[in-house]
Asker: 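Take this structure, written in structure tokens, and hold onto it; I'll ask about it next.
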2 protein chains.
Amino acid sequence: VRTLKLTLEYDGTGYVGWQRQPDGVSIQGLLEDALAPIEGGRVVVHGAGRTDAGVHALGQVASVALTAALEPAALQRALNAVLPLDVRVLAVEEAARSFHARFSAQWKAYEYRIVNAPFVSAFEYRRAWHVPRPLDHAAIEEAARALKGRHDFASFQATGTPVPSTERTIEAIEWRRGAGPSGPSVLHVRGDGFLRHMVRAIAGTLVDIGLGRWPPSQMPAILAARNRAAAGRSAPPQGLFLVAVGYPDEP
Amino acid sequence: VRTLKLTLEYDGTGYVGWQRQPDGVSIQGLLEDALAPIEGGRVVVHGAGRTDAGVHALGQVASVALTAALEPAALQRALNAVLPLDVRVLAVEEAARSFHARFSAQWKAYEYRIVNAPFVSAFEYRRAWHVPRPLDHAAIEEAARALKGRHDFASFQATGTPVPSTERTIEAIEWRRGAGPSGPSVLHVRGDGFLRHMVRAIAGTLVDIGLGRWPPSQMPAILAARNRAAAGRSAPPQGLFLVAVGYPDEP
């Protein structure tokens with residue numbers, strides 16, 4: 001048995017998310033179903049991030065243990081030949097036996113895209129959140145800065161999902177204003193781990209601040225409340241992209 | 001009665017094309033159906049380019065005669081509120097009574113996008129032609145140059161579509177190589193008019209030349225043949241974008 005690392009890109013629009021579900025088509029299910037005939041038996045694929053329905057990936061990472069002797073490049077071609085065109089395998093690499101896409105991950109990077117214009121482009125509406133009212137970008141930038149570092153992010157966690165700790169470290173967070181009248185503004189965030197719906201709750205809260213619901217100085221109090229009700233709305237899934245996952249011994 | 005000029009963007013993936021058809025949803029049909037309740041009666045919308053099924057537009061232009069007194073900005077908002085999100089009205093302007101989107105047009109500009117890489121991105125496959133074998137970009141550039149100027153383009157016209165003249169002028173034609181390993185290469189072409197399927201036949205023939213089917217020096221002979229069979233294949237619709245339409249008294 002060897003372990004392979006898969007790097008994946010997908011348009012999440014038509015899927016129930018990463019994780020296999022009783023109903024609907026999942027990315028995990030597509031990969032496991034594509035690998036089964038190659039392996040000659042059932043395989044389990046682990047993903048670094050369990051993206052929700054409608055969430056996209058530019059660099060999701062998955063791991064799988066296989067006995068099949070196929071070269072990585074041949075496996076990549078075989079998978080891309082059978083997967084739907086909105087799910088692509090960007091790379092297949094041999095990994096250490098102990099490699100696990102989720103448990104070995106050191107950091108993850110996400111983008112959240114927002115179109116702040118009266119209308120959203122015909123080519124963007126499935127890949128961005130359309131916020132028609134003008135945003136106060138300076139307020140968003142100030143509020144985002146307060147999230148950097150190690151914090152208890154319980155205020156930004158989906159309710160009903162108990163985890164041992166709600167502390168996480170945001171290593172980098174940046175709001176890049178859209179270019180031109182209708183170019184998307186993008187929230188870039190990288191951290192050592194994310195709670196369920198955390199990026200969407202952060203993006204939604206930043207937009208609420210950008211629309212004047214709270215001043216940016218409210219952000220420390222929102223964090224300190226450790227209560228989902230203290231933060232803003234959850235941004236919709238179609239603006240969220242899992243961009244990259246980092247592992248030890250990688251630049 | 002006044003004449004209005006509409007500038008439109010659309011993702012053509014789900015449509016039967018610009019022109020209203022007995023079956024399927026057309027862009028013209030969507031606009032006419034959206035305008036009818038505003039006008040209080042049937043309206044006819046004329047498009048500058050009759051884009052085929054699956055072809056996209058970044059700057060299609062349409063004209064319509066209306067008696068309704070709505071301000072252009074209010075009309076734009078009303079249309080965008082009822083049209084599907086993959087069809088957007090980018091601008092509405094008052095035009096001269098005699099303005100006609102097709103007959104008044106002086107030039108049209110198209111882009112044809114090609115991904116020349118082993119795999120095409122999950123986010124690109126509906127907006128580009130995937131050509132996996134490596135293209136000879138220098139050969140394509142040389143062949144494209146031979147098309148510039150006034151020529152009889154009968155070799156690049158869909159068969160069975162008689163027109164009074166098959167002479168057209170290509171004012172500008174440029175092949176821009178894709179950036180990075182998988183960025184799309186783009187054919188930019190602007191001319192005073194285009195025969196049916198002309199841009200797709202040009203793109204397909206350039207790709208055939210880029211794959212070595214003919215040397216680039218074959219292009220003048222292909223033009224001189226005035227026979228569709230002398231040129232290469234027709235490129236698929238999803239790579240084609242109607243970018244802009246030019247009118248007198250516009251820069």
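Lettering follows sequence order; numbering is per chain, from 1. Treat the numbers as computed from the prediction; the structure is a model and nothing was measured.
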Asker: Give a yes or no on this: more than 12 heavy atoms of other residues, nucleotides or ligands lie within 6.0 Å of atom CZ of A:R190.
Answerer: yes
Asker: Given a strict heavy-atom distance threshold of 4.5 Å, which part of B:L90 is in contact with chain A: side chain, backbone, both, or neither?
Answerer: neither
Asker: If you count every heavy atom of other residues, nucleotides or ligands that lies below 6.0 Å from A:R20 atom CZ, does the total exceed 12?
Answerer: yes
Asker: B:D11, B:L85, B:V120: which one forms the most heavy-atom pairs within less than 4.5 Å of chain A?
Answerer: B:L85
Asker: Can you tell me which portion of B:T13 sits under 4.5 Å from chain A's heavy atoms? Options are side chain, backbone, both or neither.
Answerer: neither
Asker: For the residue pair A:F123 and B:Y10, is the inter-centroid distance of their aromatic rings smaller than 6.0 Å?
Answerer: no
Asker: Sort A:R127 into side chain, backbone, both or neither according to what part of it lies under 4.5 angstrom from a heavy atom of chain B.
Answerer: side chain
Asker: Please lay out, stage by stage, how B:E9 and A:S121 fare under the test side chain to side chain contact (heavy atoms under 4.5 Å, CB included).
Answerer: CA-CA 7 Å; B:E9 179 187 71; A:S121 158; 3.0 Å; yes
Asker: Non-hydrogen atoms of chain B under 4.5 Å away: do they reach the side chain of A:L83, the backbone, both or neither?
Answerer: neither
Asker: Quick check on the interface: out of B:R126, B:Q76, B:R77, who has the most heavy-atom pairs with chain A under 4.5 Å?
Answerer: B:Q76
Asker: Search all heavy atoms of B:V89 against all heavy atoms of A:F119 and return the closest pair with its distance.
Answerer: O-CD1, 4.5 Å
